[in-house]
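Comments concern the structure below.
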Amino acid sequence: MARPVYVTTPIYYVNDRPHIGHAYSTVAADVVSRYARLRGKPTYFLTGLDEHGLKIERRASEEGLAPQDFVDQMAAPFRSAWEELGCAHDGFIRTTSAQHRDRVQALWKLMQDKGDIYLDDYEDWYCVGCESFKTEKELLEGNRCPIHQTPVERIKERSYFFRLSNYTQPLLDYYAAHPDFVRPDARFNEVKAFLTEGLRDLSISRTSFRWGVAVPDDPEHVVYVWLDALMNYVSALGGPAKEGEAPLYDEFWQSSETITHIVGKDILRFHAIYWPAFLMSAGLRLPTQIWAHGWLTVNGEKMSKSLGNFLPPGPLVEAFGVDVLRYYLMREVGFGQDGDFSHRNLVNRYNGELANGLGNLMNRIVASIVKKSLDGRVPNVDLEALQDVDRQLIDKATATSNEAAKHIEALAFHRALESIWELVSAANKYVDSTEPWKLAKQDDKTRLEQVCYTVLETLRWLSVMLFPVMPGKCNELRAQIGMGPFLPTEQTDQWPSAWGGLRPGTETRPATPLFPRFDEAQERGIMERLGVDKDVEPESSAQ
RNA sequence: GGCGAUGUAGCUCAGGCGGUUAGAGCGGGCGUUUCAUACGCGCUAGGUCGGUGGUUCGAGUCCACCCAUCGCCA
């Protein structure tokens, strides 16, 4: 029995509209979940929204709205963004939901029962933007927040505290026992370094605003937004709960093989330190991995409202198509590293890899040779009678399948795609060296059939291996080689491993090219529609 | 300031335990095919492997120091 997989994105703060950074995290999580499903594992993919906090309360009142109305309004674009991007989440958690609020309070009580929560005074500088306190020494001149550049506020209040200091050693022990707990390694080192200085207790309630979850039995206090927010991963499944009370929680939290939280590097500390400490205190299971990815710049510049380069995913999807955008996001930069989103590089990869590489490979075989010389049908071949060149390509496909799986499991999406494209390239070389068009002229039917079958079956493998990244295009590809759409089946591992899945006699359905190449004029048109000045765009990712 | 990382061809990057001519993709140049989306395929890039000094028979690969860039230090 394949054990369940649980993968999450951060819950996005509804103060922003969705942009390419949100899309990056969410697409990555979608790829992980689609891959897991393809492997036959029961899978749950969660994303959602963080809707509480002082900043929301203020924004809502600026807009003349009740906070709930404001967040309802802001939630819609996120939902539609994920739909547009083909991100098939199983759950969409909102922290204002009754279930979530209720489960946060349940967590609080568990921590309280453990004796880890106490009441005391707290006074320090507070940044509304960060929703967190700042120490004197990290402030900029004029008591401004180093992240938001805005002035911080002096806040003194009665606050509940969590005995985080008790968890320094337990966390270090946990890290030692789970060397893959935080990825990439460099980030794990930072987390460990932070711990070695010893943890201070953490203020986990506020009285300065109302928009949040009330502290149980003391409604003057609102639960600290990060405790509230982190809890989404468990509350969305209905936990914490006794066995049998919340089936999703039992399956995907308690019994999961992996629980992977994909996060941006800016919120790593909350996930790698606070969250496990809260869970330890409450006596709950910990996640298996916190994966901190890097930031994307846009055409070499940091994305910001003041620069006017805020990049929502919608227009990109319209211009390039969902799968192309997903491919680019996963291919261009190593997960965990910072990188650049560049329209120019996107077009270059599209033309070079998708159009010239994969698209042309399929087209030359399906729409040309098989159609003209084999009556458009998958030929019948004796797999035992293949030649060495054929076997070499099959071996390459097998090696690729193993390697790509290894990389995806390590969330090294760019490596997986790189390795898959070695197979695409090998297949194009194979076609060149076997020259099926000559075989057709020479009437060497048997050999022609062997060659075409080998390429078609390679394309079938590609349609599966690329499915997590490009589900729509892979199904189009499959249609052209005569296959039905790909359907994951629980408990059935469908990752390619056996050669010969294509049924002889099946009718292929050549259609328009999968990835029609952009010529200069089209590229210019797209850039204009997107408002990108192509000529001004830097040649490379100069930062 | 403390801790950690990075610095390899025009660009983006690979280069376990030190060992013959330092690699890939893209871009550039040359050639070639025509089945294909003017696509594919082949050849080509002569880069002091940030700098200096060491260890060694031998270092991009280990050590020290320096320079630059970046991250973390509630």
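Per chain, numbering begins at 1; letters A, B, ... match sequence-line order. Because the structure is predicted, anything quoted here is derived from the model rather than measured.
A:Thr95 and A:Asp228 form no side-chain donor-acceptor contact under 3.5 Å, judged by distance and modelled atom types alone. With 3.5 Å as the limit, one finds no donor-acceptor pair spanning the side chains of A:Tyr453 and A:Asn380. With no hydrogens or angles considered, a side-chain donor-acceptor pair links A:Ser463 and A:Arg478 at under 3.5 Å. Looking at A:Asp173 and A:Gln169, their side chains do bring a donor and an acceptor atom within 3.5 Å of each other.
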>> At under 4.0 Å between heavy atoms, how does the protein contact nucleotides 30-38 of chain B? Give one character per nucleotide, 5' to 3', with B, S or -.
In response: -----BBB-
> What does nucleotides 24-29 of chain B look like as a protein-contact string, B for base, S for sugar-phosphate only, - for none, at under 4.0 angstrom between heavy atoms?
Replying inline: ------
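Rounded to whole Å, the P atom of B:A74 lies 16 Å from the corresponding atom of B:C3. Only the C1' atoms considered, B:A38 is 45 Å distant from B:A5, to the nearest whole Å. Rounded to whole Å, the separation between the P atoms of B:C26 and B:C43 comes to 13 Å. B:G15 and B:U6 have their C1' atoms separated by 15 Å, with the value rounded to a whole Å. Taking atom C1' on both nucleotides, B:G2 is separated from B:C63 by 22 Å, rounded to a whole Å. Comparing the C1' positions of B:G7 and B:U48 gives a spacing of 15 Å, expressed to the nearest Å. Straight-line distance between the C1' atoms of B:G29 and B:C49: roughly 25 Å, to the nearest whole Å. Comparing the P positions of B:C30 and B:A45 gives an interatomic distance of 15 Å, to the nearest angstrom.
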Side-chain donor-acceptor contacts of residues 466-476 of chain A below 3.5 Å, not counting sequence neighbours, with atom names and distances?
{"from": "A:Lys473", "atom 1": "NZ", "to": "A:Leu514", "atom 2": "O", "distance (Å)": "2.8"}
{"from": "A:Asn475", "atom 1": "OD1", "to": "A:Phe486", "atom 2": "N", "distance (Å)": "2.7"}

Tabulate below the donor-acceptor pairs under 3.5 Å that side-chain atoms of residues 269-279 of chain A make, not counting sequence neighbours, or state none.
{"from": "A:His271", "atom 1": "ND1", "to": "A:Ile267", "atom 2": "O", "distance (Å)": "3.0"}
{"from": "A:His271", "atom 1": "NE2", "to": "A:Tyr233", "atom 2": "OH", "distance (Å)": "2.6"}
{"from": "A:Trp275", "atom 1": "NE1", "to": "A:His261", "atom 2": "NE2", "distance (Å)": "3.1"}

Side-chain donor-acceptor pairs under 3.5 Å in residues 505-512 of chain A, sequence neighbours left out?
{"from": "A:Thr506", "atom 1": "OG1", "to": "A:Arg503", "atom 2": "O", "distance (Å)": "2.6"}
{"from": "A:Thr508", "atom 1": "OG1", "to": "A:Gly376", "atom 2": "O", "distance (Å)": "2.8"}

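Side-chain contact check for A:Glu353 versus A:Leu358: every heavy-atom pair is 4.5 Å or farther apart.
Using a 4.0 Å cutoff on non-hydrogen atoms, no part of residues 163-174 of chain A comes near RNA chain B.
In this structure, A:Arg269 reaches the B:C73 phosphate: one of its side-chain N or O atoms is under 4.0 Å from OP1 or OP2.
Relative to the six-membered ring of A:Phe188, A:Lys192 meets both conditions, a distance below 6.0 Å and an angle of at most 45° to the axis.
Atoms NZ (A:Lys429) and P (B:C39) sit 16 Å apart, rounded to a whole Å. The distance between atom CZ of A:Arg415 and atom C1' of B:G15, rounded to the nearest whole Å, is 11 Å. One interatomic measurement links the two molecules: CZ of A:Arg183 to C1' of B:G71, which rounds to 17 Å at whole-angstrom precision. Rounded to a whole Å, the CG atom of A:Asn189 is 18 Å from the P atom of B:G2. Taking atom CG of A:Leu195 as the reference point, atom P of B:G2 lies 22 Å away to the nearest angstrom. Atom CZ in A:Phe188 sits roughly 17 Å away from atom C1' in B:A5 (whole-Å rounding). The nearest whole Å value for the distance from the CG atom in A:Asn345 to the P atom in B:C13 is 11 Å. Summarising the geometry, the separation between CZ on A:Phe194 and C1' on B:G2 is reported as 15 Å, rounded to the nearest angstrom.
With sequence neighbours excluded, the residues satisfying side-chain contact (heavy atoms from CB on, under 4.5 Å) with A:Lys429 are A:Ser425. For A:Asp519, there are no salt bridge (charged side-chain N to carboxylate O under 4.0 Å, His left out) partners at least two apart in sequence or on another chain. Here A:Asp375 pairs with A:Arg377 under the salt bridge (charged side-chain N to carboxylate O under 4.0 Å, His left out) rule; sequence neighbours left out. Qualifying salt bridge (charged side-chain N to carboxylate O under 4.0 Å, His left out) partners for A:Asp390, counting only residues two or more places apart in sequence or in other chains: A:Arg447. Residues satisfying the side-chain contact (heavy atoms from CB on, under 4.5 Å) test with A:Asp180, not counting sequence neighbours, are A:Arg183, A:Gln289.
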>> The test is side chain to side chain contact (heavy atoms under 4.5 Å, CB included); show your working for A:Trp108 and A:Val223 and say whether it passes.
In response: CA-CA 9 Å; A:Trp108 182 284; A:Val223 174; 3.9 Å; yes
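With a 3.5 Å limit on both pairing distances and Watson-Crick or G-U wobble geometry required, the stems of 3 or more pairs in RNA chain B span B:1-7 with B:67-73, B:10-13 with B:23-26, B:28-32 with B:40-44, B:50-54 with B:62-66.
Between A:Glu190 and A:Gly198, the residue anchored closer to the 5' end of RNA chain B is A:Glu190, taking for each the nucleotide with the nearest heavy atom.
Closest to the A:Arg187 side chain, of the nucleotides B:G71, B:G4, B:C41, is B:G71.
Across all strands shown, A:Gly294 has no heavy atoms under 4.0 Å from either base or sugar-phosphate atoms.
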